[in-house]
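Below is one structure, written out as structure tokens; the observations come after it.
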Amino acid sequence: MAATQRIVIENGAIATVDAQDTEYATGYVVVADDRIESLGAGRAPADLANVVRRIDAAGHLVTPGLVNTHHHFYQWITRGLATDHNLFDWLTALYPTWARIDEPMVYAAAQGSLAMMARGGVTTAMDHHYVFPRGTGDLSGAIIRAARETGVRFTLARGSMDRGESDGGLPPDFAVESLDDALAATEETVRQHHDPAFESMTQVAVAPCSPFSVSTELMRQGAKLARRLGVRLHTHGSETVEEEKFCHELFGMGPTDYFESTGWLGEDVWMAHCVHMNDSDIAAFARTGTGVAHCPSSNARLAAGIARVPDLLAAGVPVGLGVDGTASNESGELHTELRNALLVNRLGAHREKALNARQALRLGTFGGARVLGRAAETGSLEPGKLADLVLWRMDTLAHASIADPVTALVFGAAAPVTASFVGGRQIVENGRLLTVDEDAVARSTRAEARRLARIAAHG
């Protein structure tokens, strides 16, 4: 076997985001192959063998890589549309276009979404893909291929919809699957792509889209399928007041009670948004360990409301951050969500302590890893964990006059990423991706966006 190869990062500030929120004003991290071997204050040990690279992190903050817990990659090629709509009107406006996506479009959109996140410090990403028009190719395979090429750790939440327009749903009938087809395709995706290993680069979750786009039977059988296969479950929940009204009218109960009745609460489940939750809803999530993907920019963009994140955290609910699809968060960047989560949750009188900078950083790192079921592997800088970490430059005009680097990262402008590592492999250098050609990706996404617009215009 080859000898262990080490990378030494030193002279930088370090925020470990471990259980004690350990920080070092000046410290080091030793990466051995794909793992964090050691870290601490001061200089790295002098007698390390097989050091292949030393990185001077002076002027930088070293943190765990960011973890994105909710996204829809395909929306990269429909950005900037329906910009003044609420959720249901926005879906109604865009589903006729989304229903015409195909494999080349989905691949290009995944490349664009992943590239934007990765160059901004994301090392673990996820995609909730639920639009599978008939005869349009291997969409799941295209998304996974794009993630593999970009070099990020990845969870595909294989979504599904079986409630089309003729059944009272929003998407066209040709863009939804039957119950049996959705379950069979989801199981095949898990069997073909899910890797449960500690160092896994690709995992799959079972993810029917939402209570108003899938049947109760798909929800129930989807939960049973996930638990039989040993994978996680993901869906949208309690995003808008209209959704709550819909659940009461159709099921005779609110969203959280409906989820519980269909087997959709538990430590293996996480929900996107969770904006409109009362005290009993939060208590149910805390009791069952159900996680939340908080998407502040998208919730603001669609005027959905403000999730009760401080209350969720106080109750012990696992909470991470999500970009959400870029048709409702055009920037597509997770590091801006650190700041937006903090600011949005402070809106209102006497809420200046609702969230602080370190809580926001935890949401974007360890909180996200916990939500995705990977907190033992990533999300904090600790010996034995995977070497997923980011060096943020803090000595430029944007941040140099802020003494505390964590405050600078969260409260300040989006910080430049000098280096980002996934499993010890560098994927970003000085704000540019090393794994894919960003300019080529920009050209292909523009071309596919124009092609989709032409197809949609002709019905």
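In this chain, numbering begins with 1 at the start of the sequence shown.
A donor-acceptor contact shorter than 3.5 Å links the side chain of Lys385 to the backbone of Ala375. Formation of a donor-acceptor pair under 3.5 Å by the His60 side chain with backbone atoms of Ala58 is found in this model.
Summarising the local packing, CG of Leu347 is surrounded by more than 12 heavy atoms from other residues, nucleotides or ligands at distances under 6.0 Å. Within 6.0 Å of the CD atom in Glu267, the count of heavy atoms belonging to other residues, nucleotides or ligands does not exceed 12. By the 6.0 Å contact criterion, CZ on Arg145 is enclosed, its count of non-hydrogen atoms from other residues, nucleotides or ligands being greater than 12.
Taking 4.0 Å as the cut-off between side-chain N and carboxylate O, Glu10 and Arg43 count as a salt-bridged pair. With salt bridges taken as basic N to acidic carboxylate O contacts below 4.0 Å, none links Arg153 and Glu377. Looking at Arg308 and Asp279, a side-chain N of the basic residue comes within less than 4.0 Å of a carboxylate O on the acidic one, giving a salt bridge. Using a cutoff of 4.0 Å between basic side-chain nitrogens and carboxylate oxygens, Arg451 and Glu448 are scored as salt-bridged. Using a 4.0 Å cut-off between a side-chain N of Lys or Arg and a carboxylate O of Asp or Glu, Arg432 and Asp439 qualify as a salt bridge.
Neither side chain, His236 nor His234, offers a donor N or O lying under 3.5 Å from an acceptor on the other. Under the 3.5 Å distance criterion, with hydrogens and angles disregarded, no donor-acceptor pair is assigned to the side chains of Asp127 and His71. Neither side chain, Tyr74 nor Tyr107, offers a donor N or O lying under 3.5 Å from an acceptor on the other. Side chains of Ser297 and Glu337: a donor on one and an acceptor on the other come within 3.5 Å. Side-chain contact check for Asn11 and Asp56: at least one donor-acceptor pair (N or O, by modelled atom type) lies under 3.5 Å. Side-chain polar atoms of Thr378 and Asp388 form a donor-acceptor pair below 3.5 angstrom. A donor and an acceptor atom, one from each side chain of Thr418 and Trp392, are nowhere located under 3.5 Å apart. A donor-acceptor contact under 3.5 angstrom links the side chains of Gln426 and Arg53, judged on distance only. In this model, a donor atom of one side chain and an acceptor atom of the other lie less than 3.5 Å apart for Thr256 and Asp281. Counted by atom type alone, Thr189 and Thr186 present zero donor-acceptor pairs between their side chains at under 3.5 Å.
Residues meeting the side-chain contact (heavy atoms from CB on, under 4.5 Å) test with Ala442, sequence neighbours left out: none.
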With salt bridge (Lys or Arg N to Asp or Glu O under 4.0 Å) as the test, would you mind laying out the steps for Arg35 and Asp33 before giving the verdict?
CA-CA 6 Å; Arg35 311 290 170 97; Asp33 297 329; over 6 Å; no
Assess whether salt bridge (Lys or Arg N to Asp or Glu O under 4.0 Å) is satisfied between Asp21 and Arg362, documenting all intermediate values.
CA-CA 9 Å; Asp21 270 331; Arg362 179 171 290 275; 2.9 Å; yes
Residues Val292, Val371; criterion side chain to side chain contact (heavy atoms under 4.5 Å, CB included); working and verdict:
CA-CA 7 Å; Val292 171; Val371 163; over 6 Å; no
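Between Val390 and Gly121, the shortest heavy-atom distance links the atoms CG2-O, 3.4 Å.
The ring-ring contact (aromatic ring centres under 6.0 Å, His included) test with Trp98 is passed by exactly one of Trp90, Phe132, Tyr130: Trp90.
Here side-chain hydrogen bond (donor to acceptor under 3.5 Å, both in side chains) pairs that include residues 344-355, with residues two or more places apart or in two chains, are His294-Asn345.
You'll find the ring centres of His128 and Phe73 outside the 6.0 Å limit.
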